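Each remark here refers to the structure printed beneath this line.
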Amino acid sequence: MSDHRHPAPPAGADPRAAMRRYREDDAVDFVIVGAGAAGGIVAKELAEAGFRVVALEQGPWRTERDFAHDELSVIFGNALTNDPATSPGTYRKTADEPARRQPIMTYVRGVGGGSIHYAANLWRFREVDFEERSRKGPIAGAGLADWPIRYADLEPFYTRAEYDLGVSGAPGPRDAFRSRPFPLPPLPPMSTGRLLEKATAALGWSVQAAPMGILSQPYAGRAACIGCGWCWGFGCEVRAKASTLATTVPRAVATGRCEIRPGSYVRKVEHDARGRVTGVTYFDAERREHFQRARAVVLCANGAETPRLLLLSRSSLFPHGLANSSGMVGTHVMFNGGPWSFGTFPEDVNAYRGPVTARITKEPYELDREGLQGGGGYDFRLNIPPAMLALWSRPPGVKGWGRSYVDFLRGLQRRMVIAAAHTTSLPVPGNGFDLDPELKDAWGLPALRLTFREHPEDLKTYRWFQERGQALLAAAGATTIWADPIDDGISFPPPHLLGTCRMGHDPATSVVDASHRAHDVPNLFIVDGSSFVTSGRGQPTLTIMALAYRAASEMSRLARAGALGS
Amino acid sequence: MPDPTGGRRRFLGTLAGGTAALAAMSWPEVAAAWRAADAARQAPDSPFRTLSTHDARTLDAVTAQLVPGGPAPGAREARVVRFLDHWYAGGGREQWPLVQQGLAALDAQARERGAADYAALDGAAQVTLLERAEERQPEFFEALRFATILGMFTDPKHGGNEGKAGWALLGFEDRFAWHAPFGSYDRE
């Protein structure tokens, strides 16, 4: 609980009070695994379409009053996120080296999922993000492919997401077509936005309002942002951040057809002799085992846990894992690149106050002219709470303790700015999650093993972004500027978990089709970051949400055409 | 838990005697800082749960070198040792044996230099031994630096960051509600 005083969230009944509840042996139309950015939307859409829905969520159902500005418990104690002590993982760079235990991913356990603690940078993709293979041709060592859908297919669902969740912003110079304006005006620029405007002007670059899932005005019964400054890594206690917890989940429950069941950790998707899924087996919070029957199963468990669940669900009929006849489950994982640069300014920027950012540049969205693959964009920010800042933010040559360290820290929270780059990362076949042969989680289930190293072309792109990030800081007037070395591996547990059950038309090279239906199992659907074919430019969540709206629409259509099991 | 009877009980007894008894102990700088803090707060002190008196004395000396006070309070004045006492019973539990070993090594090196223990060395010698630990026992050193910084800069409710001294050093204000102008560059 927070020690700090905050305005109460807008009045409204607890959605749990009158929630519909289903018996386990009642075969609901859809059981959804994961009530996060994707599952929280699919649940609402299917329930509003008239289907009977249960969403199982491994974490708790928190309310806004459970969110605290406590760095020790939230960031260092995993109060919101997966706990590597109970849900461990292992990591290796390549398949010929031993995997060692270490944190390999970050996601929120709880209703709302990653949309609870994200910075809420809700960028749309552009057309290029769906067709990089046909525009670029093959890239050696990368499994580059086009998506089976195009921007125009997803555009109506981006709009749905923006209006349901509440996105503040304004169109930028080369953004893709939008059918409706942003529902909310841009956030105030803050000092970081003014500095980015100065920097981009000096480089002759465009700058635009950041599309943020942070309310610039009251919207749909939710309060406007109070500027607390603790978006990144923390939950929003005034419901100004666009989480599914604050937006779509209450609407799903209000239909009277959707039950959200927290504390439910799914360990297997079950199927019948014909290979049709029949429901899921899960542990409740007391580790008692249950089986929820359903006519169809929807996996929205994120780009790590979704492939894990498919691999855990292997059987004599599906010896390599459910829906894995292609062998693609878990492969091609992408984390996006985040080659950041740092600077300090002579006057107070106070980037620790307010939303994470309010202005961005997408000028380097495509870097073909530089001879580089991919591209991305930048914002200026300081989304680092005090202890993290003191632990890890200092230029080379500044000692991490003693008198000179204290001198460096003086006023750092006011004066430091990150030129945060958000970039593509290539899908590499040998990068991916599979089951560790030895390590188990606290429930006795095989843990995930991550194999990952950067594609050499990505390293080139990251270096370009890091150098230009320093140039932007210099042009803005930063006095001390530095960057950390770029790792060929994971330097922190990644939160963007993409590409591990990719969409595609060909069952030999993809896991789900353009309707998010598993090629191998007609009543199994998958939609979350795992559906991505390529990575986009570093801000995946709005696309995950748009895919969820579109997938739910496809599920409704197919269900009415008789696709569900009995 | 090290030294669960003798040292810890003695220390608790000392605390029961109040700040005057603290001042009578063999670590006057600690007592002075804590007496000032207590006078300001008029709050009862928490008994140590994990640390022995000697642990506390050594950690006080080490953390005061890691984040030294000066014009602004450092780790000593921010009562990081009190945080560590909580931390090594909770979230940092697994690190405690490693840290204990490292502290014992610091004491041993101090004795080689003719001092009674690490805390009895002068400041320059304390710094020298920490520099050596950073180079030769990086795991221990980083574990202790990590925990010290957590104690200095996380919420005071966890025992450290007394008077929000760490936040004041960084320039962080815990108001949690801000509006334009946010800084010097968006004033126009």
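Since the structure is predicted, the reported quantities are computational estimates derived from the model, not experimental observations. Lettering follows sequence order; numbering is per chain, from 1.
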With sequence neighbours left out, write down each residue that passes side chain to side chain contact (heavy atoms under 4.5 Å, CB included) with A:A387, or none if nothing qualifies.
A:E71, A:F76, B:L150, B:F153, B:T154
Pick from A:L412, A:V349, A:D348 with the largest number of heavy-atom pairs that fall under 4.5 Å of chain B
A:D348
Considering only heavy atoms, which portion of B:E131 lies under 4.5 Å from any heavy atom of chain A: side chain, backbone, both, or neither?
both
Could you walk me through whether B:L84 and B:V80 satisfy the side-chain contact (heavy atoms from CB on, under 4.5 Å) test, starting with their C-alpha distance in whole Å, then the side-chain angles of each, then the deciding distance to 0.1 Å, before giving a yes or no?
CA-CA 6 Å; B:L84 295 176; B:V80 166; 4.1 Å; yes
Identify which part of A:K198 has an atom lying under 4.5 Å from any heavy atom of chain B, answering side chain, backbone, both or neither.
neither
Where does A:I75 contact chain B at under 4.5 Å (heavy atoms): side chain, backbone, both or neither?
neither
Chain A contact via B:P181 - side chain, backbone, both or neither, heavy atoms under 4.5 Å:
neither
What part of A:L195 lies closer than 4.5 angstrom to a heavy atom of chain B: side chain, backbone, both or neither?
side chain
Take the angle between the ring planes of B:F172 and A:Y352 and call it parallel below 30°, perpendicular above 60°, tilted in between.
tilted
Are more than 12 heavy atoms from other residues, nucleotides or ligands located less than 6.0 Å from atom CD of A:E347?
yes
Any sub-3.5 Å donor-acceptor pair from B:D107's side-chain atoms to B:Y118's backbone N or O?
yes
For the CZ atom of B:R145 and the CG atom of A:L391, what is their distance to the nearest 0.5 Å?
5.5 Å
With chain B, the option among A:R410, A:M416, A:M388, A:R415 that has the most non-hydrogen atom pairs under 4.5 Å is A:R410
Which atoms of B:H158 come close to chain A, meaning under 4.5 Å heavy atom to heavy atom: side chain ones, backbone ones, both, or neither?
side chain
What part of A:P189 lies closer than 4.5 angstrom to a heavy atom of chain B: side chain, backbone, both or neither?
neither
Partners passing ring pair (Phe, Tyr, Trp, His ring centres under 6.0 Å) against A:Y91 (at least two apart in sequence or in another chain)
none
Does any backbone or side-chain atom of B:E134 lie under 4.5 Å from a heavy atom of chain A? Answer side chain, backbone, both or neither.
side chain
